[in-house]
Asker: 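To start, I am sharing the structure in question, which I have written as structure tokens.
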2 protein chains.
Amino acid sequence: MTDQAAGPDPGRRPTMVDVAQAAGVSLKTVSRVANGVPTVRADLAERVRDAMAELGFQRNNVAANLRSGRTTATIGLIILDLANPFYSTIAAAAAAVAERFDTQLITASSGWDAVRERELVLDLCERRVDGLIVAPTGDDQSYLGAEIARGMPAVFIDSPPSGCLADTVLIDNRTGTRDLIRRLLAEGHREIGVITDSLNDFTMRERLAGAAEALEEAGIETGRHFRRIYSDRPHDAGDAVGAMLDSSEPPTALFCGNNRILLGAVEELARRRDRTRLAAFDDFEFAKLLPRPVTVVGYDTRTLGRLAAELVFQRLRRPRSAPANYVVPTYLVDRGMAADPA
Amino acid sequence: MTDQAAGPDPGRRPTMVDVAQAAGVSLKTVSRVANGVPTVRADLAERVRDAMAELGFQRNNVAANLRSGRTTATIGLIILDLANPFYSTIAAAAAAVAERFDTQLITASSGWDAVRERELVLDLCERRVDGLIVAPTGDDQSYLGAEIARGMPAVFIDSPPSGCLADTVLIDNRTGTRDLIRRLLAEGHREIGVITDSLNDFTMRERLAGAAEALEEAGIETGRHFRRIYSDRPHDAGDAVGAMLDSSEPPTALFCGNNRILLGAVEELARRRDRTRLAAFDDFEFAKLLPRPVTVVGYDTRTLGRLAAELVFQRLRRPRSAPANYVVPTYLVDRGMAADPA
DNA sequence: TTGAAAGCGCTAACAT
DNA sequence: ATGTTAGCGCTTTCAA
């Protein structure tokens, strides 16, 4: 014996038909009220609203969308790992833009798995998201070509797509690194160690290219102190640092291709009480806490996410415009704590 | 003149009807093939698959779901701020569980706005998500009562709901803080400063209660060195620290209610070259980089997200079981770098 | 094993 | 200003 107002079948969600019946009006009138159409007599609208409240009606947006063929008010974001602050910041920025368009964000992580990336994209297409933002991990995104041709807005972030044409928002990896290496050169360094991880990664290739550019400008033999590590463990970066420092002509400055490598280098240098000049790509929240000075290449991750989302909505309005290619600028900033006054 | 296989209306997405026509079979046969129903003659299935490939057919999952009334294979996660590592870690862990159920996660940030929290929940309900995970910011979640009664799985994380009954996954704030304060007491500290921010926050109230418990156990007058700050700026935490240290009986140890407060305290102590014993709630990735030793209360954020998502799917299977209340345990860990050997 | 018809909950087009 | 009818793209009866 419940005193709750119950529909014909408790447990079933009330539909517009139920509301119409309860309010003694037609289904269409309920629809009008639900959509805020003004041409409804006030007393009828009132009755409908009462019935809605009594039944606990909630419009089924899935059904509403089906017939209208309009948008699902959903965009998909495929990144590598949501737990990584780089990507979660992007997601937050994209969500903030989506909010302005009353759109929700479905975020999925590919986990550096190209097969999964493809599955996720296709799944999101089957869900009829209004657009996609993809941080690609595979080296073939041709599976998206058909979707893009059909008008699905797709924006690639961090790395460009292969095998299809789409909007991109990239970080200026090359210029950032070149500027940083130039700084080291200006300080008088001639032996500059460069540590990257796998060059399968577009961003890492760009950074390496930027470093090479700066070294070539200065007439310095490139590749001399390049060292590539193939793992995610900072420890391996430490080993690379160690090997360089133990060589016959050790570098006087080190460039680390990302913040993970930097942490490994910092640890190794601390162990050795070595004061080799440090520089790295990627700024991060706690860089200022690093126990030694480091110059890093920073960029505004939020801008990356914001631009990507804005491009989606832009393309939603004008589907057949030429692909846009945005580049997020970088800056140099000194982090880490100053050396103890001896 | 395109050589692309084009449906009747290029730009329109091909439907099962188009595929059926192209394959010379009925709509239902296409549906069977699309769903992997085995009772289809091999050659027919083959023809259907060919037609699908040629037309670039992709099932519309929105429509599929509408009739079957089944799940949308989507769950909603409402947190305070996706850019915050605490929440993005939760989101990533929840997404990992969802993946096992072929479910996607819609993540939305309320931004500490109770009105928006409510709007987001209702919007996600209208989208017919299969379940909700909510980190509440408002102090009234009664708006979810009707949904929960209808069988919508809802799990609250970090703080319990008010005004409705639901599963919860909370951190053991009270025990964690009590253990930490006990540690300080065991070290001989008697004057312990406690800095919290607004006590509107459930977690902060719990932490304060845990601190009070430990102090009372030790027969120490509580509230003596309690100080509450009302802002997000670490600077204000620094001011609170300063005021305590400048008092006639300064504390010999400080407990910071969260990591933001801790950072403010660290800065202030560094400015003063003060070596007051530091302790705090919240472990965080770079805590080990802090320039002075700190004992912190840690917990596994991933577990929080994982349990929450598992509860959603559990409740999806058995809708009317009693609400579960999980508590994520805490641990003490020493972070920060040892003091210089003077 | 295959298909025709009905219908999910809603909106669009057309009356009235 | 209101209602009627059709239909979104699919799944679900139920027949054949």
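All figures in this text were calculated on a predicted structure; none of them were measured in a lab. What you see below is based on every heavy atom in this structure, not just the backbone, and it leaves out hydrogens, waters and symmetry mates. Numbers restart at 1 for each chain; the letters A, B, ... are given by sequence-line order, proteins then strands.
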Asker: Below 4.0 angstrom, which residues in residues 30-38 of chain A have at least one non-hydrogen atom near DNA chain D?
Answerer: A/Arg32

Asker: Does A/Val62 reach a base, just sugar-phosphate, or nothing at all? Heavy atoms under 4.0 Å.
Answerer: nothing

Asker: If you check every side-chain atom of A/Ala63, which of C/dT1, C/dG9, C/dG3 has the closest atom?
Answerer: C/dG9

Asker: Listed by chain and number, what are the ring-ring contact (aromatic ring centres under 6.0 Å, His included) partners of A/Phe313, not counting sequence neighbours?
Answerer: A/Phe101

Asker: To the nearest 0.5 angstrom, please state how far the CD1 atom of B/Ile75 sits from the CD1 atom of B/Ile133.
Answerer: 4.5 Å

Asker: Give me, pair by pair, the N or O atoms of the protein and of nucleotides 5-7 of chain D that are less than 3.5 Å apart, along with how far apart they are.
Answerer:
residue: D/dG7; atom: O4'; partner: A/Arg67; partner atom: NH1; Å: 3.4
residue: D/dG7; atom: N3; partner: A/Arg67; partner atom: NH1; Å: 3.2

Asker: Taking CE from A/Met16 and C1' from C/dA12, how many angstroms apart are they, rounded to a whole number?
Answerer: 13 Å

Asker: With B/Arg317, which residues qualify under side-chain contact (heavy atoms from CB on, under 4.5 Å), at least two apart?
Answerer: none

Asker: Going by the rule side-chain contact (heavy atoms from CB on, under 4.5 Å), which residues pair with A/Thr301 if we only count those two or more places apart in sequence or in a different chain?
Answerer: A/Phe86, A/Thr89, A/Ile90, A/Tyr299

Asker: Once salt bridge (charged side-chain N to carboxylate O under 4.0 Å, His left out) is applied, do any residues pair with A/Arg318, and if so which ones, sequence neighbours excluded?
Answerer: none

Asker: Taking five pairs at each end of the helix from C/dT1-D/dA16 to C/dT16-D/dA1, what angle separates the two helix axes (nearest 10°)?
Answerer: 40°

Asker: Under the salt bridge (charged side-chain N to carboxylate O under 4.0 Å, His left out) rule, collect the residues that match up with B/Arg32, sequence neighbours excluded.
Answerer: none

Asker: Report the distance from atom CG of A/Asn60 to atom C1' of C/dC8, rounded to the nearest whole Å.
Answerer: 9 Å

Asker: Taking only the side-chain heavy atoms of A/Arg41 (C-beta and beyond), determine which of D/dT11, D/dA1, C/dG3 contains the nearest atom.
Answerer: D/dA1

Asker: Atom CG of A/Asn61 and atom P of C/dC8: how far apart are they, to the nearest Å?
Answerer: 19 Å

Asker: Below the 4.0 Å mark, does D/dG9 have OP1 or OP2 next to a side-chain nitrogen or oxygen of B/Arg59?
Answerer: no

Asker: So if I take every side-chain heavy atom of B/Ser68 and compare against D/dT11, C/dC10, C/dG3, which nucleotide ends up nearest?
Answerer: D/dT11

Asker: CZ of B/Arg127 versus P of C/dC10: gap in Å, rounded?
Answerer: 16 Å

Asker: Would you kindly give the CD-to-P distance between B/Gln58 and D/dG9, to the nearest whole Å?
Answerer: 14 Å

Asker: Under the side chain to side chain donor-acceptor pair (under 3.5 Å) rule, collect the residues that match up with B/Thr303, sequence neighbours excluded.
Answerer: B/Asp300

Asker: For D/dT2, does either OP1 or OP2 sit under 4.0 Å from a side-chain N or O belonging to A/Thr29?
Answerer: no

Asker: Rounding to an integer number of Å, can you tell me how far B/Arg128 CZ sits from C/dC8 C1'?
Answerer: 12 Å

Asker: Report the distance from atom CZ of A/Arg13 to atom C1' of C/dC10, rounded to the nearest whole Å.
Answerer: 15 Å

Asker: Around atom CZ of B/Arg118, are there more than 12 heavy atoms from other residues, nucleotides or ligands closer than 6.0 Å?
Answerer: no

Asker: Rounded off to whole Å, could you give me the CD-to-C1' distance for the B/Gln21 and C/dG3 pair?
Answerer: 16 Å

Asker: Please identify each residue that fulfils salt bridge (charged side-chain N to carboxylate O under 4.0 Å, His left out) with B/Arg47, with sequence neighbours left out.
Answerer: none

Asker: Would you please name every residue forming a salt bridge (charged side-chain N to carboxylate O under 4.0 Å, His left out) with A/Asp81, sequence neighbours left out?
Answerer: none

Asker: Go through the steps for B/Gln141 and B/Val134 under the test side chain to side chain contact (heavy atoms under 4.5 Å, CB included), then give the verdict.
Answerer: CA-CA 10 Å; B/Gln141 281 73 40; B/Val134 182; 5.6 Å; no

Asker: According to salt bridge (Lys or Arg N to Asp or Glu O under 4.0 Å), does anything in residues 126-143 of chain A pair up with another residue at least two apart or in another chain? List the pairs.
Answerer: A/Asp123-A/Arg127

Asker: Does B/Thr15 put a side-chain nitrogen or oxygen below 4.0 Å from OP1 or OP2 of D/dG9?
Answerer: no

Asker: Consider the side chain of A/Leu66, meaning its heavy atoms from C-beta on, and name the nucleotide among D/dC10, C/dG9, C/dC10 that approaches it most closely.
Answerer: C/dG9

